[in-house]
Amino acid sequence: MPADSKPKPKTPGRFQQALLKWFDQHGRHDLPWQQDINPYRVWVSEIMLQQTQVAAVIPYYQRFMESFPTVEALASASQDQVLAHWSGLGYYARARNLHKCAQTVVNEHNGEFPRSVDALTELPGIGRSTAGAIASISMDLRAAILDGNVKRVLARIHAVDGWPGQTAVANTLWEIAEKYTPAKRTGDYTQAMMDLGATLCTRAKPACERCPFEQHCIARAQGNPTDYPGKKPKKEKPERQTTLLLIEHDGELYLEQRPASGIWGGLWSPPQLEGDDGGEASAQEWLAAKDPDASEIQALPPMRHTFSHFHLDIHPVWIRLPNKPGQVAEAASGWYKLRQLDRPRSGQDLGLPAPIAKLVKQLTAMRAPLLAPC
DNA sequence: GACTCGTGGAG
DNA sequence: TCTCCAAGAGT
């Protein structure tokens with residue numbers, strides 16, 4: 001059934017008033033990015049919050065703002081520094097785009113974020129919804145958003161069928177979102193919709209009895225709010241294997257920087273042998289070609305890791321080079337040498353992927369006596 | 001439109 | 001242990 005033929009909820013004016021009243025009483029007003037609001041702070045928060053829950057973002061946001069309090073500070077930082085602050089948060093293209101965007105704002109916009117949705121969308125990492133959030137929350141412009149919370153709330157109120165990943169469904173939701181977005185208190189309205197979705201109109205157990213729209217929600221009337229929005233079609237996750245070479249020499253672990261794009265782009269990791277069947281045999285082969293004199297090699301327990309679109313079995317191999325590191329050390333001349341194995345996520349100016357950080361921590365625990373901090 | 005891109009919490 | 005998916009955007 002097309003959304004247009006369905007009964008419509010209350011008029012926009014009533015809708016917004018009810019929502020804002022609820023927001024004033026029950027909304028969240030103490031989040032870090034709701035203090036000292038300006039375009040820079042809101043922008044950083046919105047990027048961090050993409051596909052990431054509030055609780056996970058808060059400590060990252062605070063550390064980030066402490067190190068990069070202004071767009072100028074961020075623009076003049078190195079990419080390694082930025083990625084180090086993002087380490088463990090995931091979706092690292094966000095950090096690379098964030099850095100690039102800061103430099104664009106400083107160099108081409110006089111250090112000021114452009115004051116329109118269209119101009120904001122031109123910037124790297126800022127799409128339609130994030131632009132709407134920045135414009136409405138930090139600039140008090142009338143601009144709509146359509147994040148996961150708003151999609152869920154609107155899909156339920158209007159009983160919009162289908163998965164929002166489909167363009168037609170998304171277009172329908174955008175239309176509704178634009179229609180409801182008020183010209184006054186737009187920032188509060190935006191926050192209110194997200195708060196409603198995050199705290200009350202939740203995915204699994206919506207608290208309809210506390211919702212300001214209870215009497216006007218079609219999905220509630222139908223008795224099946226959790227059927228909205230429609231689910232994403234399932235897909236099989238392919239299996240991948242990798243051998244991770246934990247090469248240690250003279251109390252240091254060798255790390256190489258990953259390619260700028262792709263998974264963990266720009267982050268640092270022990271060298272990987274990708275696409276093989278994994279394990280000690282392939283590591284032996286690799287090592288033999290590089291350094292016949294290598295002393296000790298030991299396979300560690302494999303780690304299974306699930307990404308959003310594939311499974312990865314990591315086969316770590318621990319290689320301890322003799323005092324004369326030979327050709328491996330030569331090959332590794334451009335590599336980073338990690339000394340503070342016990343603190344892979346602090347006091348460093350480069351980023352490590354979360355599973356790698358964990359592994360390094362484990363490795364340290366195994367051989368702590370030999371690798372005391374210098 | 002279909003893929004790619006992380007991580008941790010919830011169930 | 002496994003699936004699902006959260007304040008999406010880029011290719």
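Keep in mind that what you see is a predicted model, and the values were worked out from it rather than measured.
- Contact check for F113(A) versus W43(A): side-chain heavy atoms found under the 4.5 Å cut-off.
- Atom pair K358(A):NZ and dG8(B):C1' shows a separation of 8 Å (rounding to whole Å applied).
- Rounded to an integer number of Å, the gap from CG of L89(A) to P of dG9(B) is 13 Å.
- Here, dG6(B) and dT11(C) have their P atoms 14 Å apart, quoted to the whole Å.
- Nucleotide dT4(B) holds its C1' atom 15 Å from the OH atom of Y92(A), rounded to whole Å.
- A cation-pi contact, defined as under 6.0 Å to the ring centre and within 45° of the axis, is absent between R156(A) and Y228(A).
- Rounded to an integer number of Å, the gap from H85(A) NE2 to dT7(B) C1' is 19 Å.
- Mapping Q166(A) and A93(A) onto DNA chain B via the closest heavy atom, the residue that lands nearer the 5' end is Q166(A).
- Between the side chains of E112(A) and N110(A), no donor-acceptor pair is found at a separation under 3.5 Å.
- Taking the P atom of each, dC5(B) and dA7(C) are spaced 23 Å apart, rounded to whole Å.
- Checking A204(A) against L267(A), the closest nucleotide of DNA chain B that is more toward the 5' end is the one next to L267(A).
- Atoms CG and CD, on L267(A) and Q257(A) in that order, are 8.5 Å from each other to the nearest 0.5 Å.
- Of the side-chain N and O atoms in H309(A), none sit less than 4.0 angstrom from OP1 or OP2 of dC3(B).
- Within the structure, salt bridge (Lys or Arg N to Asp or Glu O under 4.0 Å) pairs that include any residue of residues 16-30 of chain A comprise D24(A)-R185(A), R28(A)-D195(A) (at least two apart or interchain).
- Computed from coordinates, the I356(A) CD1 to dG6(B) C1' distance equals 13 Å when rounded to whole Å.
- With Y180(A) as reference, F15(A) is the one residue of Y189(A), F213(A), F15(A) to meet the ring-ring contact (aromatic ring centres under 6.0 Å, His included) rule.
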Name the atoms and distances for all side-chain donor-acceptor pairs under 3.5 Å in residues 128-135 of chain A, with sequence neighbours left out.
{"from": "R128(A)", "atom 1": "NH2", "to": "E178(A)", "atom 2": "OE2", "distance (Å)": "2.9"}
{"from": "S129(A)", "atom 1": "OG", "to": "L146(A)", "atom 2": "N", "distance (Å)": "3.1"}
{"from": "T130(A)", "atom 1": "OG1", "to": "Q50(A)", "atom 2": "NE2", "distance (Å)": "3.0"}

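- Regarding L312(A), its CG atom lies at a distance of 14 Å from the P atom of dT4(B), rounded to whole Å.
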remark   = Given protein heavy atoms under 4.0 Å, the one-letter contact record of nucleotides 4-11 of chain C, with B base, S sugar-phosphate only and - none, is simply SSBBBSS-
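- Of the candidate nucleotides dT7(B), dG8(B), dC5(B), dT7(B) has the atom lying nearest to any side-chain atom of W264(A).
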